Structure formats: C-alpha cells, structure tokens
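Throughout, protein chains are lettered first and strands after them, A, B, ... in sequence-line order, and every chain is numbered starting at 1. These figures come from a predicted structure and were not determined experimentally.
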Amino acid sequence: MNTLLTADTISVAKNLLGYRLVHESDEGITAGIIVETEAYLQGDPACHAYRKKSVRNAPMFGKAGTIYVYQIYGMHFCINIATNQEDIGEAVLIRALEPTEGIDLMAQRRKTDSIKNLCSGPGKLVQAMGIHKGMNHWHILNSDLTIYPPLSDYQYSEIFTTTRIGITQGVDLPYRFYLKDNPFISRK
DNA sequence: TCGCCGATATTC
DNA sequence: AATATCGGCGAG
C-alpha cells in the first residue's frame, strides 16, 4: 500500500485502477471501483502546480496520499490524490467509479436513478460519494474517505491510455487511463 | 444521440 | 479572462 502512492505519478494513475474508494459518511457508506484516472505532472502545463505553489494547489505538494479537492467552473468539485515525494506538485485525478455500495444514497445525492450517471465524471463522483472541500489536505489512508486494494475476485480488463479530457494545454500528453470496456467511465 | 450553451466562483 | 464540469435544450 505504501509504494502504491509513492511511485511515479503515471504508475500510480494506472495502479489505482481497480482500487476501491470508500467513504463512511454520517449519511451512510458509499463505495466504488476506480475505473478512470488522469495524471498531472511537473513540467505539464495542464497541472495546477505547473507554475508555483499556492493556497489552492498546496495539497499537490503534500506527501503521497494527500487529498486535493478543488472547485471548478464555480459549481463542481474534483478530487485528486497527491503522488511522489513531498514538495513535488504532482497528483492523480479520479475521473470515474463503478458504484458498488450505497447506490441508493448516491442516487439521492445525484438526483438521478441511472446507475451509469452516478459516478461517470470527476464532478459526479464527488457529489455521489459525498466528498467535500473539508477533506482538502486530509490523507487518503487516514480519513473517512479511503482506498482499499481490489477484491480478490475482481477481474478487470487491460488498461487503455488516451489524452486527457477537458483541458486546453498539454492536450497531446497520454495521461488518461481507464479500464477497457468498462461502462462507467466518463466518455467512450 | 450529438453538440451547443449557461451557470457560477476562484484563480491568473 | 480562463477554467482538470455538468445538465438542459433543440436539431437531426
């Protein structure tokens, strides 16, 4: 578990696929399998930590496993997990989950009955899981929000690699990873 | 089903 | 002025 997060960011982004993200909230437990991630690296113009450390991107410079929650477009939130060594501003964006537990609660939070629409996007999964800004700077291995290795009987297909979604810089970098044929990713 | 567009706050 | 998004809308 330790080396999972301290490895280079590309490896972490790939290795997190299949892991389970679990949130034990006051409203109940929700959980899902990570099926889509993106890597954001040093020297990458799309990375929030590209220029310098700031109040917003500070969690990216935390030790591996530090949670980075930020607001986007004024109305949505996304969650990242910091990677690499402390003071290196890199992270993995969680983009989609395959819902496994607390689906009723997720549906209630998301105001939809479509399972495929619960966690198929970075803003969606944050809402469905009850992830909030207060988790910023927490650590993923020491929080109500945590990760567990894939269940022994969970078989997933190979990892596909593409360019990232929704960015206007670093558009050619192959830093998006998802499980082939998984119906819960953010886009085809 | 696809593509366009507005919402809305924080950062640059 | 730009943004690591989403849901609603209208056209096909």
Under 4.0 Å from OP1 or OP2 of [N]: is there any side-chain N or O of [X] that close?
X        : N      : result
A:Ser54  : B:dT11 : no
A:Arg110 : C:dC6  : no
A:Arg176 : C:dA4  : no
A:His48  : B:dT11 : no

How many whole angstroms separate atom [atom1] of [X] from atom [atom2] of [N]?
X        : N      : atom1 : atom2 : value
A:Ile167 : C:dA4  : CD1   : P     : 8 Å
A:Tyr50  : C:dA4  : OH    : P     : 14 Å
A:Tyr68  : B:dT10 : OH    : P     : 13 Å
A:Gln71  : C:dT3  : CD    : P     : 17 Å
A:Leu173 : C:dA4  : CG    : C1'   : 13 Å
A:Met75  : C:dC6  : CE    : P     : 11 Å
A:Phe77  : B:dT11 : CZ    : P     : 11 Å
A:Leu125 : C:dA4  : CG    : P     : 16 Å

Q) Would the A:Tyr70 and A:His48 ring centres measure less than 6.0 Å apart? A)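 Yes, ring centres under 6.0 Å apart.
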
Q) Donor-acceptor pair, A:His23 side chain versus A:Thr30 backbone, under 3.5 Å? A)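 Absent.
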
(Q) Please compare A:Thr168 and A:Gly123 by the position of their nearest nucleotide in DNA chain C and report the one closer to 5'. (A)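 Taking each residue's closest nucleotide, the earlier one in sequence belongs to A:Thr168.
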
Q. Is A:Arg164 positioned over the aromatic face of A:Tyr40, cation under 6.0 angstrom from the ring centre and no more than 45 degrees off axis?
A.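 Positive - A:Arg164 is close enough to the ring of A:Tyr40 and near enough to its axis.
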
(Q) Is it the case that the base of C:dA4 and the side chain of A:Tyr70 share a donor-acceptor contact (distance under 3.5 Å, atom types as modelled)? (A)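 Counting by modelled atom types and ignoring angles, a donor-acceptor contact under 3.5 Å is found here.
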
Q: Side chain of A:Arg51 only, please: which of B:dC12, C:dG7, C:dA4 is the nearest?
A: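 It is B:dC12.
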
Q. Of all the nucleotides listed (C:dT3, B:dC12, C:dC6), which has the minimum atom distance to the side chain of A:Tyr73?
A.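 Of all the options, the side chain of A:Tyr73 is nearest to C:dT3.
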
Q: Can you tell me the pairing partner of C:dA4 across any strand shown, Watson-Crick or G-U wobble, with both distances under 3.5 angstrom?
A: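 Pairing partner: none.
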
Q. Which nucleotide, in any strand shown, forms a Watson-Crick or G-U wobble pair with B:dT8, with both distances under 3.5 Å?
A.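 Answer to the pairing question: none, since B:dT8 forms no Watson-Crick or G-U pair.
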
Q) Salt bridge or not for A:Glu27 and A:Arg109, using N-O below 4.0 Å? A)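 Yes.
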
Q | Pair A:Glu38 + A:Arg95, salt bridge at N-O below 4.0 Å | A |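 A:Arg95 and A:Glu38: salt-bridged.
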
(Q) By the 4.0 Å heavy-atom rule, please label A:Arg164 as base, sugar-phosphate, or nothing. (A)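 No contact.
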
**Q.** Sugar-phosphate, base or nothing in reach of A:Glu38, heavy atoms under 4.0 Å
**A.**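 The answer is nothing, as A:Glu38 stays clear of every strand by at least 4.0 Å.
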
Q. Would you say A:Tyr40 stacks on C:dA4, if stacking means ring centres under 5.5 Å apart and planes within less than 30 degrees?
A.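 Stacked: centres under 5.5 Å apart, planes under 30°.
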
Q. Does atom NZ of A:Lys133 have more than 12 heavy-atom neighbours, drawn from other residues, nucleotides or ligands, at distances under 6.0 Å?
A.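 Count over threshold, so yes.
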
